[in-house]
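Below: one structure, written as structure tokens.
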Amino acid sequence: MTEKLHILHIDDSPDHLKIMQCMLLKTALSHDLVQCNSREQVKALLESKNKLFDLVILDYQMGDSTSEDMLKWFEGVPVVVATVHENDDLDSQLMKKGAADFVSKSELSPRLLKRIIRHALERQCILNQFIEESWHDPLTGLYNRRFAMREITRLIVEKRRYDRNFSLAIIDMDNLKSINDRLGHLAGDKAIKFIANAMTKVVRSGDIIARFGGDEFLMVFPNTHIADAKTSLLRFLAYLNENSLVVGEQERALSASCGLVSCGNTSLQSILERADAKLYEAKTSCKNCVVSE
Ligand SMILES: Nc1nc2c(ncn2[C@@H]2O[C@H](COP(=O)(O)OP(=O)(O)OP(=O)(O)O)[C@@H](O)[C@H]2O)c(=O)[nH]1
């Protein structure tokens, strides 16, 4: 551990704030420390969003209530819970709720604290790798359906709260079955990757592309009017028109059909159903086209 650690310590006892500060210094870990003594202070700090932490040390008892609810405030950041409570079940209870580790304040020493911090950081690093993998489709490297559903749900909430519009398209490759049948399944895989790569060339940063399953993809365009989303999709089809898939000696032109909708004030399911209906129109009319609402 060579980089400086940014540590947030939350405790409502002035004495424990001082003790932790001294103990951290004695660990000899290179760090900077921010300390908060109330939920309000932590909330204000997190809302200002200009401070990112590598690790949080959280007092279990804050005033009259426990701090268990605060474990959710630090997604992706390991939280070590420190407590004066002696309760055998509490540690596993807190770990199930997302704590990285649990330590009794009476047992804390600089050596133990250093080890706890190192383990919490290593554990988080492994966890982040798993989380990252669980959001991605292994064939294309694009986001997967699970990630896309989560992001669309988030955008729907944002739409309600801030009236931010977004557009969404379901894209289905044309005639993949015939590539599989004539050139083999590996060529079919190559075609799926080719389409995925073509999508990445036309989107703007902030747009989300995901493999929905099989030969279906999703493109989500946050803060984007449907006309601009359509322009991106037409650029994607133009790219496919100009660039062929090469399999061995053979060249194969690829195309896709796209159903595009603007989000509106509806549910996730209704947005997907509307996009699917437009995709159906595209498939049954001409393929290689964008049909939008
Ligand atoms: N190679 C490969 N094929 C896949 C994969 N996932 C789905 N498929 C195949 O993709 C085809 C998709 O079916 P359809 O969408 O009905 O076939 P299509 O030929 O694209 O027909 P249209 O969508 O009407 O143009 C099926 O034959 C699936 O077996 C994959 O990961 N790799």
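Below, all heavy atoms of this structure are taken into account, side chains as well, without hydrogens, waters or symmetry copies. Residue indices begin at 1 and follow the sequence shown. Every number for a ligand or one of its atoms is a count from 1 in the order of the listing.
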Sequence neighbours left out, cut at 3.5 Å: what donor-acceptor pairs do the side chains of residues 69-79 make with other protein atoms?
from : atom 1 : to  : atom 2 : distance (Å)
D69  : OD1    : R39 : NH1    : 3.3
D69  : OD1    : R39 : NH2    : 3.4
D69  : OD2    : R39 : NH1    : 2.8

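- Defined by atom type and a distance below 3.5 Å, a donor-acceptor pair is missing between the side-chain atoms of T27 and R111.
- Summary of contacts: the protein heavy atom closest to atom 24 (O) of ligand 1 is K287 NZ, 3.4 Å.
- Residue, atom and distance of the protein heavy atom nearest to atom 21 (O) of ligand 1 are N175 N, 3.9 Å.
- Annotation for ligand 1: atoms under 4.0 Å from non-hydrogen atoms of D172 are 15 (O), 23 (O).
- In this structure, atom 1 (N) of ligand 1 is in close contact with the protein, since a protein heavy atom lies within 4.0 Å of it.
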All N/O donor-acceptor pairs, side-chain side in residues 125-142, below 3.5 Å, sequence neighbours left out:
from : atom 1 : to   : atom 2 : distance (Å)
N128 : OD1    : Q124 : NE2    : 3.0
S134 : OG     : I131 : O      : 2.8
S134 : OG     : R146 : NH2    : 3.0
H136 : ND1    : E132 : O      : 2.8
D137 : OD1    : R211 : NH1    : 3.3
D137 : OD2    : T140 : N      : 3.1
D137 : OD2    : T140 : OG1    : 2.5
D137 : OD2    : R211 : NH1    : 3.4
T140 : OG1    : L142 : N      : 3.1

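- Of the candidates T140, I192, D215, N180, N180 brings a heavy atom nearest to atom 9 (C) of ligand 1.
- For atom 6 (N) of ligand 1, the nearest protein heavy atom (residue, atom name, distance) is G214 CA, 3.3 Å.
- For ligand 1, none of its N or O atoms has an N or O atom of S178 under 3.5 Å away.
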Do V81 and V103 pass the side-chain contact (heavy atoms from CB on, under 4.5 Å) test, and can you show the C-alpha distance, the side-chain angles, and the key distance before you say yes or no?
CA-CA 6 Å; V81 179; V103 64; over 6 Å; no

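- Each of the following atoms of ligand 1 lies closer than 4.0 Å to a heavy atom of M173: 20 (O), 23 (O), 25 (O).
- For atom 26 (C) of ligand 1, the protein comes within 4.0 Å by no heavy atom at all.
- Heavy-atom separations between E216 and ligand 1 are all 4.0 Å or longer.
- Side-chain atoms of Q35 and Q41 form no donor-acceptor pair, as typed in the model, at a separation below 3.5 Å.
- The protein heavy-atom contact nearest to atom 31 (O) of ligand 1 is R211 NH2, 2.8 Å.
- Listed by number with element, the atoms of ligand 1 under 4.0 angstrom from any heavy atom of G188 are 1 (N).
- Under 4.0 Å is where a charged nitrogen must lie from a carboxylate oxygen, and between D181 and K177 at least one such pair does.
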key: Derivation of the side-chain contact (heavy atoms from CB on, under 4.5 Å) call for I170 and M219   = CA-CA 7 Å; I170 302 183; M219 271 202 206; over 6 Å; no

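- There is no side-chain donor-acceptor pair under 3.5 Å between K4 and H31.
- Here R154 pairs with E158 in a salt bridge; the nearest charged N to carboxylate O distance falls below 4.0 Å.
- The residue from L176, D189, L183 that puts a heavy atom closest to atom 10 (O) of ligand 1 is L176.
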